[in-house]
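Counting convention: from 1, in listed order, for ligands and their atoms alike.
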Amino acid sequence: MRKPLIVGNWKMYQTTAQAVALVERLRALLAEIAGVDVVVCPPFTAIQVVAETLQGSRIVLGAQNMHWEGEGAYTGEVSPVMLTDLGCHYVILGHSERRQYFGETDLNINRKVRAALRHHLAPILCVGETFAEREEGRTFPVVEGQLRGGLSDIPPQAGEGTVVAYEPVWAIGTGHTATPEQAATVHAFIRKQLGELWGEAAGLAVRILYGGSVKPDNIDALMAEPDIDGVLVGGASLKPDAFARIVHFEKVHR
Ligand code: PEP
């Protein structure tokens, strides 16, 4: 049985003071959470203050990116060792904004996924097609390429600690959410690919999240789909009431 997982991606928002205020409010709103894993991914600069503010809370910390080496001469980069040192348990990898604006390739994303697993960070591997790719009928091959590229050379035992996020690029930050049926079709495809890659049992253990304009008014329909194990939330994760409502789908509906 896969435990639902709700992840907030704060992107390049929130100064340290804003981050503390946001997470204090979230902490109060989510004091009673049970039966769901909740993760917030602040920008690197706010991770430490958020970690301090979250002490004793059930909300878990993640990061939005990292380098694949533990340390080294990589100016401007942050390593998995540094993230675990700050108390991170998850790391978002291969987000479409990183692929689009920073030239991240499946090869480098795979290095990061393998490094995350080595350092006991749960990778959240993001995959998803652009609008043009969907229009051309290429959703499945694009998703398959990113998935197999990102998970190359990873043994099935890693399945349980790995998260995949299906984030259609056309749905991110646009207000155009995939319908629950569109998302469920791709999630089922991802689940099948994972089964082929790692065997059925390991494939079934992986949590597959949906991301792309998730909001309080569409969370319930998305989470009603059996292969949608949670969501990766961008914009709405900066609004504590909206994010708390997204997390609370669980109590109301399951
Ligand atoms: C994201 O950044 O991963 C995302 C899904 O953003 P939004 O919820 O704003 O579409």
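- At the top of the distance list for atom 1 (C) of ligand 1, counting protein heavy atoms only, stands His95 NE2, 3.3 Å.
- Taken to the nearest 0.5 Å, the CD1 atom of Ile190 stands 11.0 Å off from the OG1 atom of Thr185.
- Looking at Gly234 next to ligand 1, an N or O pair under 3.5 Å apart turns up.
- Between Gly173 and ligand 1, an N or O atom pair is found at a separation short of 3.5 Å.
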- Query: Do Leu204 and Glu200 pass the side-chain contact (heavy atoms from CB on, under 4.5 Å) test, and can you show the C-alpha distance, the side-chain angles, and the key distance before you say yes or no?
  - Reply: CA-CA 6 Å; Leu204 283 171; Glu200 200 186 337; 4.0 Å; yes

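- How far CD1 of Ile172 is from OG of Ser213: 8.5 Å, rounded to the nearest 0.5 Å.
- Residue contacts with ligand 1 include Ala171, since one or more of its heavy atoms lies under 4.0 Å from the ligand.
- To the nearest 0.5 Å, atoms OG1 (Thr162) and CG (Leu151) are separated by 6.5 Å.
- The aromatic rings of Phe131 and Trp170 sit perpendicular, their planes meeting at an angle over 60°, well past the 30° parallel limit.
- Sparse packing is recorded around CD of Glu71, with 12 or fewer heavy atoms of other residues, nucleotides or ligands lying under 6.0 Å away.
- Contacts between Ser237 and ligand 1, counted as non-hydrogen atom pairs separated by less than 4.0 Å, are absent for every part of the residue.
- In terms of polar-atom proximity, defined here as any N/O pair under 3.5 Å, Gly212 makes no such contact with ligand 1.
- Of all atoms in ligand 1, numbered sequentially from 1 with element shown, those under 4.0 Å from a heavy atom of Gly235 are 7 (P), 8 (O), 9 (O).
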If you apply the rule side-chain hydrogen bond (donor to acceptor under 3.5 Å, both in side chains), what do you find for Trp198 with Gln157, and how did you get there? CA-CA 8 Å; Trp198 287 337; Gln157 308 84 275; over 6 Å; no

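- Proximity of Asn9 to ligand 1, defined as any heavy-atom pair under 4.0 Å, is confined to the side chain (atoms from C-beta onward).
- The closest heavy-atom contact to atom 2 (O) of ligand 1, among the options Glu167, Lys11, Lys215, comes from Lys11.
- At least one heavy atom of Ser213 sits closer than 4.0 Å to an atom of ligand 1.
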